[in-house]
Amino acid sequence: MAGDNKGPEKIIERIEVGTDASSTNSTVDDFVAKFLDISDEAKSNEQKEKHMSLSEGLRTFPKAIMWSLILSTALIMEGYDTHLLSAFYAFPAFNRKFGDYYPELGQYQISAKWQTGLNMAYTCSCIIGLAIAGFVTDIIGYRMTMICSLASSIGFIFIQFFAPNKEVLLTSYVLIGLMWGSVQTITVTYASEVAPTTLRVYLTTYVNLCWVIGQLISSGVLKAVVDLGDFPSSYRIPFAIQWIWPIPIMIGVYLAPESPWYLVKRGRYAEAKHSLKRLLTENKDLPDKEVLASAMLRKIQLTVKEEEASGNKDATFSDCFKGVNFRRTRIAALTWLFQSCTGAALMRNSTYFFKQAGLPTSMAFTFSIIQYMFGIVGTVGSWFLATRVGRFKMYFGGIVFQTIILIIVGGLGFSTSNNAKWGAGSLLLIHTFVYDLTVGPLCYCIVAEIPSAKLRTMTVMLSRNLYNVSGIIVGIITPYMLNPTELNWKAKTGLFWAGFSMAAAVWCWFELPETKDRTFAELDLLFEQGVKARDFASTEVEVFNADKLIRQVGEQNIKNFVQDSEEKPAV
């Protein structure tokens, strides 16, 4: 391009005015030349990452995959625990311990008021835990925040296990919600930051798989325990199994490298390069990981520098709602919101739903196990689909299919025949498969890709909190819709959620962009240029334009940047 050298020339001219040209000209030329080299190196690394094949990514980043999987595995615990609570409402021993006897039903039930209270205790404290994590993570990093959270869970499980009444049980869920709130966003953000573009979709959607695995384990444990018969304290066995997880995961998190993006944002370049080297593995495509680690570090530094030049220098929560960042926050938040209110409530309360729909208790738990098996198959299937179809088409298509299924489920709710009851249960299994093939896993990938590097942790935290706020509303109304002592809508509840699915489909079409095969630097430019959502896939952008960046930040900042990149990365 003809204008590529105007920026460096103008800077040289400005510095030369009123100075000794013999001393200044050489210095400026040196810094500008070095900055141009850094920019070219970042561009080269960007292109290599963008066009890296899956096999090359697996050979080069097996350690990054391993560490990401270890941190994300913590969410198996959360999936287990959250499903445990909703499934307990269909568990006879739990209902006898914490519920009330309803003569007209001839059974014990946790009242809708207490179901709501227990659900809200957990969800509300998750919101507080997320807010706390947003500040703590910025100070001590992802790893130490997770270790502190996992350590505290050991004590909170004791309260769950020994709870003598509903009030103490509610307290345990308040406390454990604080812990899970802090973990919810760290795992997906870490996964997006340690993986190259070609692996990002696999590692971020693995978070959803962890949820499903936790729910499956929970359903299997409950199915095994309910088949034991009338044992008064049998509900405590599923609580006790949770003690298996924290210590092994804590050890893995302690050994894992910190996110290089976090370290660069904190100005800890030497540690960032060390983390990058720990994420890489030398192979036939990478004979010397020192070279690639240096190139990746320069690219991260330059990406952060470009964001600072665009106004994101001092990241605060208020910045998430300003200018182009508000669009990015809105997309991430609504992507997570619509994951919650397009039928996921029926899946989370599936065991209770199956029972209220008319299935026997044991069969209700069996259906839940089948449901989560469908979820695992769906999530694994999403890995193959995402590489061919793209984020938008999968998310939008999933919403449309879920809408159709929910309408049919709701329609079957008007029939009292056994065939209709079995049909509604079977369709919920199909809904789970569609959800975990599309909306469920893709949400984690999209939410991690949309924010800027400087605001990623804060944006993901705010997005998850909107999800949790919606969870409060969903958690309040769902028990009343399903509970036989309240509205008793049963399968007709599907029609209610179908309305939200329709609204989600309309929003997706107009605002959800395609992020497949886009690097973080490319996404920054696409948002900065105000490209329409439907044009993201076809718009060409030039990243790491040295001329533009030099004009934006000025000569002194360029000099400082070059000096930092030379001195601080050395190990």
Side-chain angles (χ1 to χ4, degrees), residues 82-91 94-95 98-100 102 104-105 107-124 166 173 215 337-359 361 363-365 367-368 371 399 402-417 420-432 434-435 439 467-504:
T82 53
H83 176 262
L84 208 59
L85 178 61
S86 61
F88 266 147
Y89 301 145
F91 196 81
F94 184 84
N95 287 333
F98 299 107
D100 301 304
Y102 289 84
E104 66 276 18
L105 298 175
Q107 58 184 250
Y108 285 88
Q109 282 277 334
I110 306 292
S111 67
K113 178 181 72 174
W114 269 100
Q115 285 186 27
T116 301
L118 289 167
N119 290 336
M120 292 310 97
Y122 171 79
T123 307
C124 290
K166 294 189 289 281
Y173 274 100
Q215 292 166 332
L337 171 69
F338 287 126
Q339 188 206 45
S340 171
C341 58
T342 54
L346 294 182
M347 294 187 297
R348 284 195 296 269
N349 294 274
S350 59
T351 307
Y352 191 65
F353 172 84
F354 290 137
K355 187 174 180 180
Q356 298 312 315
L359 298 179
T361 299
M363 185 57 66
F365 282 104
F367 259 60
S368 293
Q371 171 187 322
I399 291 289
Q402 285 181 199
T403 303
I404 296 170
I405 293 170
L406 289 170
I407 291 173
I408 298 173
V409 169
L412 290 173
F414 290 94
S415 173
T416 57
S417 70
K421 293 174 183 178
W422 283 94
S426 300
L427 281 172
L428 189 57
L429 298 181
I430 298 173
H431 180 278
T432 300
V434 172
Y435 171 89
V439 175
Y467 171 92
N468 285 332
V469 169
S470 71
I472 293 174
I473 300 170
V474 170
I476 289 173
I477 62 179
T478 300
Y480 283 91
M481 288 190 287
L482 294 178
N483 197 294
T485 65
E486 299 295 340
L487 295 175
N488 196 28
W489 283 2
K490 298 181 180 178
K492 291 191 287 289
T493 306
L495 292 176
F496 180 86
W497 298 118
F500 284 94
S501 292
M502 292 178 187

Task: Distance-only side-chain donor-acceptor flag, Ser501 / Gln402, under 3.5 Å - done: no
Calculate, to the nearest 0.5 Å, the distance between atoms [atom1] and [atom2] belonging to [X] and [Y] respectively.
| X | Y | atom1 | atom2 | result |
| --- | --- | --- | --- | --- |
| Gln107 | Asp100 | CD | CG | 12.5 Å |
| His431 | Trp497 | NE2 | CH2 | 11.0 Å |
| Leu429 | Ile405 | CG | CD1 | 10.5 Å |
| Ile404 | Ile399 | CD1 | CD1 | 12.0 Å |

Quick check: closest heavy atoms across [X] and [Y], and the distance to 0.1 Å?
| X | Y | result |
| --- | --- | --- |
| Phe500 | Cys341 | CB-O, 3.0 Å |
| Leu118 | Tyr173 | O-CB, 4.4 Å |
| Ala420 | Leu412 | CB-O, 3.7 Å |
| Phe98 | Lys166 | O-CD, 2.9 Å |
| Asn468 | Thr123 | O-CG2, 3.0 Å |
| Ala498 | Ile407 | CB-CG1, 3.7 Å |

Under a 4.5 Å cut-off applied to non-hydrogen side-chain atoms, are [X] and [Y] in contact?
| X | Y | result |
| --- | --- | --- |
| Leu428 | Val409 | no |
| Phe338 | Val439 | no |
| Phe94 | Leu84 | no |
| Leu495 | Phe414 | yes |

- [ ] Examine distances only and state if a side-chain atom of Thr493 and a backbone atom of Trp489 form a donor-acceptor pair shorter than 3.5 Å.
- [x]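 Answer holds: no.
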Open item on the list: Checking Tyr108 now: which residues fulfil ring-ring contact (aromatic ring centres under 6.0 Å, His included) with it, not counting sequence neighbours?
Closed with: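 Once residues adjacent in sequence are excluded, the partners of Tyr108 under the ring-ring contact (aromatic ring centres under 6.0 Å, His included) criterion are Tyr101.
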- [ ] Please identify each residue that fulfils side chain to side chain contact (heavy atoms under 4.5 Å, CB included) with Ser470, with sequence neighbours left out.
- [x] Leu337, Ser340
